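Only one structure is covered here, and it is reproduced in the block below.
Owing to the predicted nature of the structure, the values given are computational and were not obtained by experimental measurement.
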Amino acid sequence: MGKYSAVKIRKDANSLIVFDLISERPYSGEELASRVGLTRKAVWKMIKKFREYGIVVEADKRSGYRIVRKPKLNPFDVAAIAFKNLRELVDEVWYYKMVDSTNDAAKRHRKPSILFFAEVQTSGRGRLGRTWSSGPGGLYFTITLQPKIGLEEVPKITLLTGLSVAKAVNGKIKWPNDVLIENKKVCGILCEVQGEMERPLVIIGVGINVENELPRDLEGAGRLVDFSNYDVISVFNSVLKNFYEHYLKFERGEWEHLRKEIIELCSTIGKNVRIQLPSGKIEGFATDISKEGALVVDGKKIFAGDCIHLR
Ligand code: BTN
C-alpha cells in the first residue's frame, strides 16, 4: 500500500477550473486565486503540480500563467473526460503514471464512484490468473460502482461494458468479456466484486490495446492502431460515453434492449465453441445470450467460463 502515488482529482477540484482557464488564455496568479478562492501560494503549488505532469506552463511577468503545451495523456484532461461522460457515476479520478493494477488499486481503496486510470501497469491482471500486458500506449482503467443489484447481475455489467467498447472501436463482443477486431483480441474486461453479496462493490477493469507494444508470443491479440487511426484519449472518451448510456439503461431495467444490442454484436453466437468450466470442457453450438447474460450452448445456459471459438 502507498507504493504507487496517484493524483487524486475530485469532481469539484479547483485544479480543473484553473487548468481550464489557463488553457484558454493567460491569467495572473492573483486573478486565478480570486476565481477559485485560494491564496496565490496555493495557485503556485497547483502550477507546480501541472508541471510535474509534463504540462508546460508559461509564466509571463505581465500576462501571467498559460498552458502552452501538454502531453496528450495527463491527469487533468483524463479527469475532465471522466466527469463529463460519467457524470453522477463518479466523483473522483485517481491517475497513476504507474501502478501494479488499477483493479488492485480499486480493491485496496474499497469505495464506489471512483475511476482509477494508469498510463502503465506493472502487474496488469486478466481473467483466470492471467497477466495483462500493460505497457505505455495502452488504455487501462477501472470504475467502481455500487448499484442496487445482487451478485447474479454482475455478468450483465461485464457484457454492457463489452458493448460500450465494441461500439467505440467497431469491434465484436466475444462472450463473456473480450472485444475482437478481425478476430484479434483488442480489449479485455475484468469485473470483480467485493463486499456483501446483496450489494457488492463492482470493480470494472478495462484494458484496451491501442498503440502499446505487445509481447511477440501473445497469440490472437491485436492493437487498435493496426486497424485504424486511434488514440488513447479519444477511445477513452467514446468508451465512457457509451458506458454511461448503457449503464443507465441497465439501472432503469432496460436490460432486454441492451441484450438485443449485445446479441447483434456478439461474434460467439452462431459458432461452435469449446468452453472450459471448472468441472471440465463442453463443446457445442452457441445460439443465444439468455436473459441472465448466460451463453446458450446446445440449449444449455453457461454462466461463466473460458470460451474458444472453434470456427
Ligand atoms: C482479460 O481479458 O482477461 C481481462 C483483462 C483486463 C485488463 C484490465 S486493464 C485495467 C484493469 N486492471 C487490471 O489489472 N486488469 C484490468
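Note on residues 136-153: pairs passing salt bridge (charged side-chain N to carboxylate O under 4.0 Å, His left out), not counting sequence neighbours, are Glu153-Lys156. Screening residues 233-246 for salt bridge (charged side-chain N to carboxylate O under 4.0 Å, His left out), with sequence neighbours left out, gives Glu245-Lys249.
Scanning for side-chain contact (heavy atoms from CB on, under 4.5 Å) contacts around Glu283 gives Arg274, Leu310, with sequence neighbours left out. Taking Lys107 as the reference, Glu192 meet the side-chain hydrogen bond (donor to acceptor under 3.5 Å, both in side chains) condition, with sequence neighbours excluded. When the side-chain hydrogen bond (donor to acceptor under 3.5 Å, both in side chains) test is applied to Asp12, no partner is found at least two apart in sequence or on another chain. For Pro155, the side-chain contact (heavy atoms from CB on, under 4.5 Å) criterion is met by no residue, not counting sequence neighbours. In this structure Thr102 satisfies the side-chain hydrogen bond (donor to acceptor under 3.5 Å, both in side chains) test together with Gln121, Thr142, sequence neighbours excluded. The side-chain hydrogen bond (donor to acceptor under 3.5 Å, both in side chains) test applied to Lys45 returns no partner, not counting sequence neighbours. For the side-chain contact (heavy atoms from CB on, under 4.5 Å) test, residues two or more places apart in sequence or in another chain that qualify with Ser123 are Asp100. Checked against side-chain contact (heavy atoms from CB on, under 4.5 Å), Pro278 has no partners two or more places apart in sequence or in another chain.
Here Asp306 pairs with Arg130 in a salt bridge; the nearest charged N to carboxylate O distance falls below 4.0 Å. Ion pairing between Glu254 and Arg252 holds under the 4.0 Å rule for side-chain N and carboxylate O.
In this structure a side-chain-to-backbone donor-acceptor pair under 3.5 Å is present from Lys174 to Cys307. Panel note: side chain Arg51, backbone Val56; no donor-acceptor pair is recorded below 3.5 Å. Here the side chain of Arg223 pairs a donor or acceptor atom with the backbone of Glu211 at under 3.5 angstrom. A distance-only check finds a donor-acceptor pair linking the side chain of Asn74 to the backbone of Pro71 [under 3.5 Å]. Listed for the Arg35 side chain is no donor-acceptor partner under 3.5 Å among the backbone atoms of Val18. Here the side chain of Arg199 pairs a donor or acceptor atom with the backbone of Gln146 at under 3.5 angstrom. Ser238 places a side-chain N or O within 3.5 Å of a backbone atom of Ser234 that can act as its donor or acceptor partner. Side-chain atoms of Ser15 do not come within 3.5 Å of backbone N or O of Ala13 as any donor-acceptor pair. Put simply, the side chain of Tyr140 gets close to the backbone of Gly135: a donor and an acceptor are under 3.5 Å apart. For the pair Asp231 (side chain) and Ile233 (backbone), a donor-acceptor distance under 3.5 Å is present.
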_Intermediate values then yes/no, side chain to side chain contact (heavy atoms under 4.5 Å, CB included), His109 and Phe116_ = CA-CA 10 Å; His109 196 58; Phe116 297 83; 4.0 Å; yes
Enumerate, atom names and distances included, each donor-acceptor pair closer than 3.5 Å involving a side-chain atom of residues 296-305, sequence neighbours excluded.
| unit_1 | atom_1 | unit_2 | atom_2 | d |
| --- | --- | --- | --- | --- |
| Asp298 | OD1 | Phe285 | N | 3.0 |
| Lys301 | NZ | Glu292 | OE1 | 3.4 |
| Lys301 | NZ | Glu292 | OE2 | 3.2 |

Please tabulate, one pair per line, all N/O donor-acceptor pairs under 3.5 Å involving side-chain atoms of residues 79-92, not counting sequence neighbours.
| unit_1 | atom_1 | unit_2 | atom_2 | d |
| --- | --- | --- | --- | --- |
| Lys84 | NZ | Asn237 | OD1 | 3.1 |
| Asn85 | ND2 | Ile81 | O | 3.0 |
| Asn85 | ND2 | Asn237 | OD1 | 2.8 |
| Glu88 | OE1 | Tyr244 | OH | 2.9 |
| Glu88 | OE2 | Tyr244 | OH | 2.9 |
| Glu92 | OE1 | Arg10 | NH1 | 3.1 |
| Glu92 | OE2 | Trp94 | NE1 | 2.7 |

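Annotation: side chain of Val239 is in contact with side chain of Ile208 (closest heavy-atom distance under 4.5 Å).
Checked by atom type, the side-chain pair Asp20/Ser23 shows no donor-acceptor distance below 3.5 Å.
Rounding to the nearest 0.5 angstrom, the gap separating the CD1 atom in Ile157 from the CG atom in Leu258 is 11.0 Å. A distance of 12.0 Å separates CD1 of Ile9 from CG of Asn14, quoted to the nearest 0.5 Å.
The ring of Tyr95 has its center closer than 6.0 angstrom to the ring center of Phe117.
Following chains of ILVMFWY side-chain contacts shorter than 4.5 Å, one cannot reach Leu180 starting from Trp175, and the two form parts of different hydrophobic clusters.
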